[in-house]
Enquirer: 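Dumping the structure here so I can ask a few things about it.
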Amino acid sequence: MRESGFGGGHRVYAITGVLGSLGQMAWRTIAVLNVLALCMLCVTRPPSALLKITFLAGLLLVWIGLRLAWRRLSAALDLNRCLLYADGLILTDQFGQWQGTAAWADVTHMKHTYGAWLFTVSHRFELTRRAAPPITFNVLGPGPDLVKELQARAARHEIPQQNVHIRVR
């Protein structure tokens with residue numbers, strides 16, 4: 001990773017874009033549907049149920065294995081990461097290249113939009129900067145550490161924050 005110009009150590013967090021959020025929803029929906037199909041096969045016991053249960057259980061295990069392998073590979077290659085420094089942040093894209101940087105001194109506003117839909121909790125951040133286009137990224141999970149860290153850094157640097165909660169009914 002090339003020199004950032006930000007001082008001190010940094011912490012690395014997983015982030016994603018819109019397509020990554022949609023992909024995550026698809027992963028989780030397919031996993032839930034697979035578990036429901038397994039339960040239905042166990043309850044109804046159709047002909048050749050053992051073969052069908054074995055196939056679906058194997059499919060679920062392969063699905064989980066692929067998710068774990070992808071999680072390890074993307075962490076090792078710094079794909080879709082937020083490198084959070086004391087005086088700024090760096091975002092990497094799906095290829096591990098720098099997508100954007102922002103020094104806290106240049107950030108004028110932080111908008112945090114969050115909500116839950118289809119088995120996925122998503123936090124979208126938009127950082128408005130002086131003389132540069134805004135940086136946007138998503139963080140998945142019900143209470144990721146990155147959300148708390150970004151809000152604390154924004155408060156420390158006196159950056160105005162706006163929190164928007166999306167309720168899906």
Side-chain angles (χ1 to χ4, degrees), residues 1 9-85 89-102 110-127 134-154 161-169:
M1 180 107 4
H10 68 279
R11 297 196 57 192
V12 180
Y13 298 95
I15 61 168
T16 186
V18 173
L19 290 178
S21 296
L22 293 174
Q24 187 69 250
M25 284 191 284
W27 274 95
R28 291 178 183 185
T29 302
I30 290 170
V32 166
L33 291 176
N34 197 344
V35 169
L36 288 175
L38 274 171
C39 292
M40 289 300 297
L41 284 174
C42 289
V43 170
T44 60
R45 299 242 185 234
S48 69
L50 182 62
L51 177 66
K52 293 175 182 176
I53 288 172
T54 305
F55 174 75
L56 283 175
L59 187 65
L60 185 61
L61 289 175
V62 167
W63 199 253
I64 291 169
L66 284 173
R67 285 234 340 135
L68 292 174
W70 175 250
R71 185 177 292 172
R72 285 185 158 225
L73 179 67
S74 66
L77 298 176
D78 278 338
L79 308 179
N80 287 326
R81 298 287 177 228
C82 174
L83 288 70
L84 190 59
Y85 291 86
L89 60 84
I90 298 172
L91 303 177
T92 64
D93 61 11
Q94 62 269 21
F95 303 110
Q97 303 298 315
W98 282 13
Q99 176 183 353
T101 64
M110 183 174 81
K111 183 177 179 183
H112 172 213
T113 306
Y114 59 98
W117 42 84
L118 283 179
F119 316 114
T120 304
V121 178
S122 178
H123 302 265
R124 181 179 186 273
F125 284 93
E126 182 176 341
L127 302 175
I135 292 179
T136 59
F137 58 95
N138 293 339
V139 182
L140 300 178
D145 293 336
L146 179 57
V147 172
K148 297 174 191 122
E149 286 287 330
L150 285 172
Q151 289 174 335
R153 301 276 168 97
Q161 299 181 48
Q162 178 185 6
N163 293 315
V164 179
H165 184 178
I166 298 174
R167 290 187 173 91
V168 180
R169 296 176 190 200

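For clarity, every value in this text was computed on a predicted model and none was experimentally measured.
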Enquirer: Kindly compute the distance separating OG1 (T29) from CG (N34), expressed to the nearest 0.5 Å.
Expert: 12.5 Å
Enquirer: Return the minimal non-hydrogen interatomic distance between A154 and M110, and the atom names on each side.
Expert: CB-CE, 3.8 Å
Enquirer: Side-chain contact, heavy-atom cut-off 4.5 Å: L84 with R153?
Expert: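 Yes - at least one pair of side-chain heavy atoms lies under 4.5 Å apart.
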Enquirer: I'd like to know if the side chain of T92 reaches the main chain of R81, judged simply by a donor and an acceptor atom lying under 3.5 Å from each other, with no hydrogens or angles considered.
Expert: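 The answer is yes, because a donor-acceptor pair under 3.5 Å joins these two groups.
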Enquirer: Run L79 and Q94 through side chain to side chain contact (heavy atoms under 4.5 Å, CB included) and show every step you take.
Expert: CA-CA 5 Å; L79 308 179; Q94 62 269 21; 5.6 Å; no
Enquirer: Among T136, N138, V139, find the one that has a side-chain contact (heavy atoms from CB on, under 4.5 Å) with F125.
Expert: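 Of T136, N138, V139, side-chain contact (heavy atoms from CB on, under 4.5 Å) with F125 is met by V139 alone.
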Enquirer: Keeping the roles fixed (side chain from H123, backbone from H112), state whether a donor-acceptor pair exists under 3.5 Å.
Expert: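 No, because the side chain of H123 does not come within donor-acceptor range (under 3.5 Å) of the backbone of H112.
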Enquirer: Determine yes or no for a side-chain-to-main-chain donor-acceptor pair under 3.5 angstrom, with R124 supplying the side chain and G115 the backbone.
Expert: no
Enquirer: Go through the steps for Q99 and F137 under the test side chain to side chain contact (heavy atoms under 4.5 Å, CB included), then give the verdict.
Expert: CA-CA 10 Å; Q99 176 183 353; F137 58 95; 5.9 Å; no
Enquirer: Could you note down all residue pairs passing ring pair (Phe, Tyr, Trp, His ring centres under 6.0 Å) where residues 32-70 supplies at least one of them, sequence neighbours left out?
Expert: W27-W63
Enquirer: Can you tell me how far apart CD1 (I64) and CG (L59) are? Round to the nearest 0.5 Å.
Expert: 10.0 Å
Enquirer: Could you tell me the separation between the CG atom of L38 and the CG atom of L60, rounded to the nearest 0.5 Å?
Expert: 6.5 Å
Enquirer: CG of L73 to CG of L68: how many Å apart, nearest 0.5 Å?
Expert: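 Answer rounded to 0.5 Å: 12.5 Å.
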Enquirer: State, to 0.1 Å, how close G141 and P144 come at their nearest heavy-atom pair, and which atoms those are.
Expert: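 Looking at all heavy atoms of both residues, the shortest contact is O-CD, 3.3 Å.
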Enquirer: Give a yes or no on whether R71 atom CZ has more than 12 heavy-atom contacts from other residues, nucleotides or ligands under 6.0 Å away.
Expert: no
Enquirer: Checking side chain to side chain contact (heavy atoms under 4.5 Å, CB included) for the pair I90/Y85: CA distance, chi angles, key distance, verdict?
Expert: CA-CA 8 Å; I90 298 172; Y85 291 86; 3.7 Å; yes
Enquirer: Heavy atoms only: give me the nearest I53-C42 pair and the separation to one decimal.
Expert: CD1-SG, 3.8 Å
Enquirer: Take atom CG in L19; do more than 12 heavy atoms of anything else shown fall under 6.0 Å from it?
Expert: no
Enquirer: Nearest 0.5 Å, what's the CG-CD1 distance between D93 and I15?
Expert: 9.0 Å
Enquirer: For I135 and G100, which heavy atoms make the closest approach, and how far apart are they?
Expert: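 Residues I135 and G100, closest heavy atoms: CD1-C, 4.2 Å.
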Enquirer: As an exercise, state the distance from CZ of R11 to CG of L83, rounded to the nearest 0.5 Å.
Expert: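 That separation rounds to 12.0 Å.
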